[in-house]
J.: 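Next up is a structure, given as structure tokens.
Every chain is numbered from 1 and lettered A, B, ... according to where its sequence line falls, protein lines coming before strand lines. No experiment lies behind these values; they were computed from the predicted model shown.
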2 protein chains.
Amino acid sequence: MSERDPKTGPAPRAPRAVDVAAAADVSIATVSRVFNNPEKVAPAIRERVLATAKAMGWMPHAAGSALARRRTSIVGAVIPTLDNEVFAAQVGAMQKAFAERGITLLLSCFNYDQDQAVHDVQAMLARGVEALAIVGEAHRPDLFAGIQARHIPYVVTYSHRPDSPHPCIGFDNRQAFHSIASHLLDLGHETIGVIIQPTAGNDRVAARLDGVRAALAERGLGIRPQHLCEGEWSIDFGRQSVRAMLATDPPPTAVICGNDYLALGALLEARAMGLTVPQGLSITGFDDIAISRQLDPPLTTMHVDNHEIGRRAADYLLACMEGSRPAAMPPLVPTLIRRGTTAAPHT
Amino acid sequence: MSERDPKTGPAPRAPRAVDVAAAADVSIATVSRVFNNPEKVAPAIRERVLATAKAMGWMPHAAGSALARRRTSIVGAVIPTLDNEVFAAQVGAMQKAFAERGITLLLSCFNYDQDQAVHDVQAMLARGVEALAIVGEAHRPDLFAGIQARHIPYVVTYSHRPDSPHPCIGFDNRQAFHSIASHLLDLGHETIGVIIQPTAGNDRVAARLDGVRAALAERGLGIRPQHLCEGEWSIDFGRQSVRAMLATDPPPTAVICGNDYLALGALLEARAMGLTVPQGLSITGFDDIAISRQLDPPLTTMHVDNHEIGRRAADYLLACMEGSRPAAMPPLVPTLIRRGTTAAPHT
DNA sequence: ACCATTGATGTAAGCGCTTACATAGATCGC
DNA sequence: GCGATCTATGTAAGCGCTTACATCAATGGT
């Protein structure tokens, strides 16, 4: 007399271990063992239980087992946004590495909002994540304090400062942009512009700008205020920034861009204004996205292996979870790809 | 006499509700109520409990509460890969929409492998997801059977067939490419090439190809085998495909590409071969990624709002979870953006 | 033949939380 | 002022699972 479709039976509720146990005529403990320590169960019984479970569509429910086992097999990834392929690649690689070990990835995007990041981490801790990967280290101190209080392994990704208090997997953003600037300086440029993402609350970007400044300072140079454009990264921002800079006097002979999209915009606009690149203006990018090598001229940029960062971060965390205390990993070194958008200034 | 740092105390174990209850001198039920039905607790006590919990760094542990409440507040997203910005955008939008309602997103990438997808869905069901979003409907039947057996709401995204048995949020891939082909036919093209992603196990792509074929057939035309290139999407595949096609006799006067990256490659190669676009060759893309409008000439393509797909999928699932049975949503309609890469064939 | 092992299975005590129900003051109408 | 009614809090029974420990049968050494 159920109100449900009689064909589906009166109890649409999910089967539990005890149901499988009854159906297979064993105890609930045996059912559990079949799934967790199969070698402790006689083959005949094991097969019977497996068959029954399959027939009933039963699998151990994670919440129950997490509670009993005191392990959730969940780890969290906290990134700014998936709209940036750089982070998407990292997460994709982590997800893959974890999935291979039966670990589930919880994802959260804080949209460059520090309060949101703290909130997200709290939520993940409440969910019992066993480890955490977090992009960047420019976070509110209570974010890290909360993690440390739980004695949970964590790693900061996409950045690597030599003297960071956190375990980190990434590269030295300052060093990377120091290299880019040096490349340009070595070519003979002295008036260099910078188009870069917002530095507020973003340690990676701030470090990049700092790297450029340091390289220039070493040769007694600096960035003129009118040659520094900071804003949301987009092709359009790259375009408008270059347009503005070239209207100054003297105009820069080279511009360093915070990523390839900005550089792409800069390149398009420079050409639209009738400049030849690199003779009239040298341009550098960062990330080495797929189109960069296809541009005309192909973009000089720095290549970062984001999948590798994700994979390493996952490996590090997995090692920690298994109890080892892995040595600090050396930073990745992004490589400068000299293509067609940099040359000596036309004098 | 603990072996641990005496400052951290002998019990580094996470506090539980009962500890908070004891410290605040109330019962464990009251602690729970403070977090779940705060209005049922006297303000003075509520504040005391809140303060104690905060001081002890306690939050209700999700596994325990999921068990007791029989709700996990988790939903799963199953996508092919995060390396495609199209899916990354969808996931990002879903994550945002869910986070706003206190729901956590579990992510899994099946890498276009049907067995992997089934496995991932199983794992998610075991984790007690309350709803599931899955890209595409070309999956093993037991994937959907497994979900339906659990009476869990789900939605297929990125595709929308009028006669699909599944609730779906997306657009009609067949229809979309029918439109593209018609656009070209209307311009007078009769020899049309196609460069497309692998169709095997990918219903969306297969539908696209089908749409092109149908549009051509309506005018008594077809795709010549030598004018159909199917392979992993990349700029390079676009380039090599165009090169191969243009070596045939007669060469196509237009090529339809499965996405903007392929189209970008096609455009670059056509120009490298000395053809002018669109006079010598018309090219269409799909997705309308950021660079497309910046190309020279700007790419004619179709714009799809992937964030919108993600948002709608999340809204639909949330509605289901709250018990309503939302009406089937109308498909999104991608819009054809006629820019500079299509024109009448040069006769 | 008998006892000590061994190995397979069952019993039952939680894991940390929520919530129906019980309880006990406080409040109010008459 | 007394019982009826409410409201704030506590008690205890699970949620579905794992696992230490108990049990029991079979094995093997002497």
J.: Please confirm whether the backbone N or O of A:Val20 pairs with a side-chain atom of A:Thr52, one donor and one acceptor, at under 3.5 Å?
T.: no

J.: Respond yes when some side-chain nitrogen or oxygen of B:Arg16 is under 4.0 Å from OP1 or OP2 of C:dG16, and no when none is.
T.: yes

J.: Over how many whole Å does the gap from A:Phe35 atom CZ to D:dG16 atom P extend?
T.: 16 Å

J.: Between atom CZ in A:Arg150 and atom P in C:dG16, what is the gap in whole Å?
T.: 12 Å

J.: Separation of B:Asn36 atom CG from C:dT18 atom P, in whole Å?
T.: 4 Å

J.: Under 4.0 Å between any heavy atoms, over every strand shown, what does A:Ala17 touch: base, sugar-phosphate, or nothing? Just pick one.
T.: sugar-phosphate

J.: Under 4.0 Å, heavy atoms only, any strand: does A:Val31 hit a base, just the sugar-phosphate, or nothing?
T.: nothing

J.: Using whole Å, what does the distance between atom P of nucleotide C:dC15 and atom CG of A:Leu67 come to?
T.: 9 Å

J.: What is the distance from atom CD of B:Glu39 to atom CZ of B:Arg33, rounded to the nearest 0.5 Å?
T.: 10.5 Å

J.: Give one of base, sugar-phosphate or nothing for A:Ala42, where a contact means two heavy atoms less than 4.0 Å apart.
T.: sugar-phosphate

J.: Checking the side chain of B:Thr72 only, and the main-chain atoms of B:Gly128 only, is there a donor and an acceptor separated by less than 3.5 Å?
T.: yes

J.: Calculate the interatomic distance between B:Arg70 atom CZ and C:dA20 atom C1'; express it in whole Å.
T.: 12 Å

J.: Is B:Glu85 reaching over with its side chain to a backbone N or O of A:Glu85, donor-acceptor style, under 3.5 angstrom?
T.: no

J.: Check every strand shown and say whether A:Val41 touches a base, only sugar-phosphate, or nothing at a heavy-atom separation below 4.0 Å.
T.: sugar-phosphate

J.: Is A:Arg69 close enough to D:dT18 that one of its side-chain N or O atoms is under 4.0 Å from OP1 or OP2 there?
T.: yes

J.: Look at the side chain of A:Arg33 against the base of C:dG10 and say whether a donor-acceptor pair falls under 3.5 Å; ignore hydrogens and angles.
T.: yes

J.: Mapping B:Ser32 and A:Ile28 onto DNA chain C by nearest heavy atom, which one lands closer to the 5' end?
T.: A:Ile28

J.: Considering heavy-atom distances to DNA chain C, does B:Asn37 or B:Ala63 have its closest nucleotide positioned more toward the 5' end?
T.: B:Ala63

J.: What is the distance from CZ of A:Arg71 to C1' of D:dC17, rounded to the nearest Å?
T.: 16 Å

J.: Distance check needed: C:dG7 P versus A:Arg46 CZ, whole Å only.
T.: 15 Å

J.: Using the rule side-chain contact (heavy atoms from CB on, under 4.5 Å), only one of A:Thr157, A:Val86, A:Val155 pairs with A:Ile309; which is it?
T.: A:Thr157

J.: Would you say A:Ser65 reaches D:dG16's phosphate, i.e. side-chain N/O to OP1/OP2 under 4.0 Å?
T.: no

J.: Phosphate oxygens OP1/OP2 of D:dG10: is one of them under 4.0 Å from a side-chain N or O of B:Thr30?
T.: yes

J.: Round to the nearest Å and state the distance from B:Asp25 atom CG to D:dG10 atom P.
T.: 8 Å

